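Letters go in sequence order (proteins before strands), and every chain restarts at 1. Because the structure is a prediction, the values reported are computed rather than measured.
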Amino acid sequence: MLVTKPKIVALVGPTGSGKTEWAKKLAQKFGAKIISADSRQIYKEMDIGTGKDKSFKQDLIDIVRPTKKFSVWDFQRLANGLINRYLNMKNLPILVGGTGLYLYAVLYGYVIPNLKEESEKLREKLAKIDSRKLYDQLKKVDSRAAANIDPRNKRRLIRALEISLLNLRPSESLGKKKRPPYKALIIGIKTDRQTLYAKIDARIDRMIKNGWVEEARNLLEKYRADLPAFSTIGYKEIIDYLKGRITLKEAIKKIKANTHDYVRRQETWFRKNKDIKWVEKYEEAEKLIKKFLNS
RNA sequence: GCCGGGUUAGCUCAGUGGCAGAGCAGUGGACUGAAAAUCCACGUGUCCGCAGUUCGAUUCUGCGAUCCGGCA
């Protein structure tokens with residue numbers, strides 16, 4: 001006796017690959033609900049620079065102010081809530097995005113215990129210690145986490161230590177997964193590097209013309225420049241320009257280069273994933289989904 | 001036509017009579033609470049060509065090619 005699990009679809013790919021455009025069409029075609037998995041489009045007031053498309057309904061876009069702390073834990077909780085709701089309503093949820101960690105946390109059910117307390121002070125204290133010492137300390141309190149982090153990667157060492165010291169995540173949960181109660185079809189958009197870079201560069205020029213600098217200036221007037229939200233590619237370079245550290249031309253050049261680097265990092269997430277069905281054309285994606293829904 | 005300057009990595013250029021360098025661009029990888037973040041790794045290319053000097057030439061000399069200035 002076979003019980004069929006409910007089904008969801010995920011559409012993944014690097015920035016500029018056309019995910020949003022495809023999602024819009026798929027939503028119409030299948031009456032599907034689009035859930036964005038993008039760690040930057042969650043922020044309100046950051047529209048131009050994050051490439052938001054507000055011409056159709058997407059969940060998990062524009063949900064927090066740039067000052068708000070938001071992590072994969074929040075994302076996982078919200079996304080799972082929406083997926084369950086849509087499945088109950090017999091709608092097809094489609095998760096669309098390029099943030100590997102967020103996507104995988106949901107699709108593979110990463111076990112992430114609830115963080116009830118947080119210590120800003122502890123983080124500040126740890127930031128003053130050098131990486132080597134942090135690493136040695138982490139080895140003592142959580143050797144499992146230490147084994148998984150490069151001793152030179154200070155940011156991740158700090159994070160792991162915070163969690164261990166505050167005893168928020170029992171070491172055993174690290175790396176644990178809980179199989180989600182649905183079946184997922186993961187579609188990846190195949191792209192040609194050169195073509196993608198050219199498209200991205202043109203898009204960045206267009207975004208600048210559309211007032212990106214103004215958008216960043218307004219944000220800078222309202223909020224502190226060192227918010228995590230402003231570590232977003234583009235905003236950080238434009239802020240450097242607005243503070244007179246570099247010229248606009250240099251900023252644009254850096255934005256392009258950094259976006260290219262980002263594309264490569266994204267592809268590193270997806271490339272080796274055997275679950276992803278890679279397609280070049282939108283029609284192929286439609287076909288795959290039809291087949292999946294009828295299986 | 002004459003006079004000068006150049007020709008070295010995809011681009012801009014540094015450099016040396018003894019295994020060829022930098023910046024930028026490019027590439028691969030890691031990833032469970034900041035993730036568009038953070039971190040790691042990757043440089044053989046007729047040093048324009050031919051000949052000469054030399055133990056040895058990308059480097060010095062000659063000739064040629066080519067580009068850029070200036071003068072005609």
Polar side-chain atom of A/Gln266 near backbone of A/Thr15 as donor-acceptor pair, under 3.5 Å: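 Side chain of A/Gln266 to backbone of A/Thr15, a donor-acceptor pair under 3.5 Å: yes, one is there.
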Take atom [atom1] in [N] and the same atom in [M], then report the distance between them in whole Å.
N: B/rG21; M: B/rU59; atom1: C1'; answer: 15 Å
N: B/rC13; M: B/rA65; atom1: C1'; answer: 22 Å
N: B/rC67; M: B/rU12; atom1: P; answer: 16 Å
N: B/rG17; M: B/rG26; atom1: C1'; answer: 34 Å
N: B/rG23; M: B/rA9; atom1: P; answer: 16 Å
N: B/rU46; M: B/rA41; atom1: P; answer: 28 Å
N: B/rC55; M: B/rA25; atom1: P; answer: 46 Å
N: B/rU7; M: B/rG49; atom1: P; answer: 13 Å

Check the distance between [N]'s [atom2] and [X]'s [atom1] and give it to me in whole angstrom.
X: A/Leu157; N: B/rA34; atom1: CG; atom2: C1'; value: 14 Å
X: A/Leu196; N: B/rG26; atom1: CG; atom2: C1'; value: 15 Å
X: A/Arg224; N: B/rA34; atom1: CZ; atom2: P; value: 16 Å
X: A/Trp269; N: B/rG28; atom1: CH2; atom2: P; value: 17 Å
X: A/Asp201; N: B/rG26; atom1: CG; atom2: P; value: 9 Å
X: A/Lys253; N: B/rA25; atom1: NZ; atom2: C1'; value: 8 Å
X: A/Lys177; N: B/rC31; atom1: NZ; atom2: P; value: 10 Å
X: A/Lys256; N: B/rC11; atom1: NZ; atom2: C1'; value: 16 Å

Report the C-alpha distance between A/Glu237 and A/Asn258 in whole Å, list the side-chain angles of each, state the deciding distance to 0.1 Å, and finish with yes or no for side-chain hydrogen bond (donor to acceptor under 3.5 Å, both in side chains). CA-CA 10 Å; A/Glu237 294 85 354; A/Asn258 288 336; 2.6 Å; yes
State which of [options] makes the closest approach to the side chain of [X].
X: A/Arg193; options: B/rG28, B/rA34, B/rG29; value: B/rG28
X: A/Ser71; options: B/rG28, B/rC24, B/rA34; value: B/rA34
X: A/Asn148; options: B/rA34, B/rC31, B/rA35; value: B/rC31
X: A/Arg271; options: B/rU27, B/rG29, B/rA35; value: B/rG29

Secondary-structure notation, RNA chain B, from Watson-Crick and G-U pairs under 3.5 angstrom (| other strand): (((((((..((((....[..)))).(((((.......))))).....(((((..]....)))))))))))).
Looking across every strand, which nucleic acid part, if any, lies under 4.0 Å from [X] by heavy atom: base, sugar-phosphate, or nothing?
X: A/Thr50; value: base
X: A/Tyr235; value: nothing
X: A/Gly234; value: nothing
X: A/Phe70; value: sugar-phosphate
X: A/Thr99; value: sugar-phosphate
X: A/Tyr197; value: sugar-phosphate
X: A/Ala257; value: sugar-phosphate

Should [X] be listed as having a side-chain N or O under 4.0 Å from OP1 or OP2 of [N]?
X: A/Arg123; N: B/rA34; answer: yes
X: A/Tyr102; N: B/rA35; answer: yes
X: A/Arg264; N: B/rG29; answer: no
X: A/His260; N: B/rA25; answer: no

Between [X] and [Y], does at least one N-O distance fall below 4.0 Å, as a salt bridge requires?
X: A/Lys256; Y: A/Asp205; value: yes
X: A/Lys54; Y: A/Asp47; value: yes
X: A/Asp130; Y: A/Arg132; value: no
X: A/Arg40; Y: A/Asp38; value: no
X: A/Asp59; Y: A/Lys33; value: no

If you pin A/Thr268 and A/Ile158 to their nearest nucleotides in RNA chain B, which one's is more 5'?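 So the residue in question is A/Thr268.
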Identify, between A/Pro228 and A/Glu267, the residue whose nearest nucleotide on RNA chain B lies closer to the 5' end.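 The 5'-side residue here is A/Glu267.
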Between OH on residue A/Tyr43 and CZ on residue A/Phe230, distance to nearest 0.5 Å: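 Those atoms lie 9.5 Å apart.
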Under 3.5 Å, N/O pairs linking protein and nucleotides 38-40 of chain B:
from   : atom 1 : to       : atom 2 : distance (Å)
B/rU38 : O2'    : A/Asn153 : OD1    : 2.2
B/rU38 : O2     : A/Asn153 : ND2    : 3.0
B/rC39 : O4'    : A/Asn153 : OD1    : 3.4
B/rC39 : O4'    : A/Asn153 : ND2    : 3.2

Give the C-alpha distance, both sets of side-chain angles, the deciding distance and a yes or no for side-chain hydrogen bond (donor to acceptor under 3.5 Å, both in side chains) between A/Asn273 and A/Tyr104. CA-CA 11 Å; A/Asn273 187 334; A/Tyr104 288 5; 3.0 Å; yes
How about A/Tyr102 and A/Val106: do any of their side-chain heavy atoms sit closer than 4.5 Å?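 No; the side chains remain at least 4.5 Å from each other.
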Find out whether A/Lys29 and A/Lys290 are in side-chain contact, i.e. whether some heavy atom of one side chain is under 4.5 Å from a heavy atom of the other.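 With C-beta onward as the side chain, the pair touches.
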Cationic tip of A/Lys176 within the cone over A/Tyr110's six-membered ring, i.e. under 6.0 Å and within 45° of the normal?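 Negative - A/Lys176 is either too far from the ring of A/Tyr110 or too far off its axis.
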